Amino acid sequence: MQEYQHIDHGFGPVFDSRSHVLILGSFPSVLSRQNSFYYGNPQNRFWHVIAACVGAPTPPNTPLNTSIQAKRQLLKDAGIALWDVIESCDIKGSADSTIRHAVPANLNIIFDAASIEAVYANGRTAETLYRRLAEAHTKRPIIGLPSTSPANAAWSKERLIDSWKKALDPYL
């Protein structure tokens, strides 16, 4: 049986002064931590969904630096900031359901540098953690979106794209 480990996030947010939308996950998966970048599991549909929402090609989902640069550029060109609610926590593997002793990320780093108009959560766990750990500090509401995780098998990629596009369209 897998044991709890205390894990620090390991990499920072993606944003610049042009960012006007913030998308928050909960905490990086094992694969994302190994790749030192967001949504590193090739089965996660995040990059397909974002690319479809902004009308861009999907960047390759590999741990190569060129892939990471393409993903960063995709987000920045669309005005999207990306981070996670949690800076560190105790966790077993990648399971959000095992998160405990969560320390929130300092989201004001982004809010102070960019004119964020809307905050979105990628999945229920990110939304719940934000409401519990961060919303009182940021004073900004969050809009929950269905998770792009492969564990969210009830949502097809097409259904995710439709839902995310409807939510993001006013800001993209």
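All residue numbers in this chain count up from 1 along the given sequence. The shown structure was predicted, so the numbers you read here are calculated from the model rather than taken from an experiment.
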List the steps, then state whether side-chain contact (heavy atoms from CB on, under 4.5 Å) holds for K71 with Y38. CA-CA 9 Å; K71 291 171 185 174; Y38 300 92; over 6 Å; no
Write down the atom of L129, the atom of S26, and the distance for their closest heavy-atom approach. CD1-CB, 4.0 Å
Looking only at heavy atoms, the pair that brings F11 and R33 closest together is CE2-CA, 4.3 Å
Rounded to the nearest 0.5 Å, what separates atom CZ in F111 from atom OG1 in T138? 5.0 Å
Do you know which two heavy atoms are closest between P13 and R72, and how far apart they sit? O-NH1, 4.4 Å
d(Q5 CD, T98 OG1) to nearest 0.5 Å is 10.5 Å
What's the shortest heavy-atom distance between A51 and P59, and which atoms? CB-CD, 4.5 Å
Note, I109 side chain near W83 side chain (heavy atom, < 4.5 Å): yes
Would you please name every residue forming a side-chain hydrogen bond (donor to acceptor under 3.5 Å, both in side chains) with N122, sequence neighbours left out? Y39, T148
T128: partners by side chain to side chain contact (heavy atoms under 4.5 Å, CB included), with sequence neighbours left out: R124
Heavy-atom check, side chain of K76 versus side chain of V14, under 4.5 Å: yes
Identify the two heavy atoms, one from R45 and one from K157, that lie closest to each other, and give their separation to 0.1 Å. NH1-N, 3.9 Å
With sequence neighbours left out, write down each residue that passes side-chain hydrogen bond (donor to acceptor under 3.5 Å, both in side chains) with Q73, or none if nothing qualifies. D77
Apply the test side-chain contact (heavy atoms from CB on, under 4.5 Å) to residues L24 and L107: give CA-CA distance (whole Å), side-chain angles for both, the deciding distance (0.1 Å), then the verdict. CA-CA 10 Å; L24 295 168; L107 301 175; 3.8 Å; yes
Can you list every side-chain hydrogen bond (donor to acceptor under 3.5 Å, both in side chains) pair that touches residues 107-120, not counting sequence neighbours? none
What residues form a side-chain hydrogen bond (donor to acceptor under 3.5 Å, both in side chains) with S32, not counting sequence neighbours? S29
Contacts of Q34 meeting side chain to side chain contact (heavy atoms under 4.5 Å, CB included) (sequence neighbours excluded), chain-then-number -> V30, L31
Quick one: closest heavy-atom pair of N35 and I68, and the distance? O-CD1, 3.7 Å
Honestly curious: do I7 and Y4 fall in one hydrophobic cluster under the side-chain, below-4.5 Å linking rule? no
Atom pair CZ (F27) and CG (D84), whose distance is rounded to the nearest 0.5 Å: 8.0 Å
Look at the side-chain heavy atoms of Ile, Leu, Val, Met, Phe, Trp and Tyr, link any pair under 4.5 Å apart, and say whether I86 and V103 land in one connected group. no
Here the salt bridge (charged side-chain N to carboxylate O under 4.0 Å, His left out) pairs for residues 132-141, sequence neighbours left out, are R131-E135
Between L172 and I143, is there a shared hydrophobic cluster once you connect ILVMFWY residues whose side-chain heavy atoms come closer than 4.5 Å? yes
Return the set of residues passing salt bridge (charged side-chain N to carboxylate O under 4.0 Å, His left out) with D169 (not counting sequence neighbours), or none when no residue passes. K165
Gap between atom OG of S94 and atom NZ of K92 - 0.5 Å precision: 13.5 Å
Any salt bridge (charged side-chain N to carboxylate O under 4.0 Å, His left out) pairs touching residues 10-29, not counting sequence neighbours? D16-R18
When rounded to the nearest 0.5 Å, the distance separating CG of L22 from CD1 of I110 is 5.0 Å
With sequence neighbours excluded, what pairs up with P146 under the side chain to side chain contact (heavy atoms under 4.5 Å, CB included) test? N152, W155, L160, S163, W164
Side chains of I23 and I50 in contact at under 4.5 Å (non-hydrogen atoms): yes
Taking only residues two or more places apart in sequence, or in another chain, which ones meet K166 in a salt bridge (charged side-chain N to carboxylate O under 4.0 Å, His left out)? D162
Look only at the side chain of N44 and the backbone of F46, and say whether a donor-acceptor pair between them is shorter than 3.5 Å. yes
Quick one: list whatever passes side chain to side chain contact (heavy atoms under 4.5 Å, CB included) with H6, sequence neighbours left out. D8, S88, D90
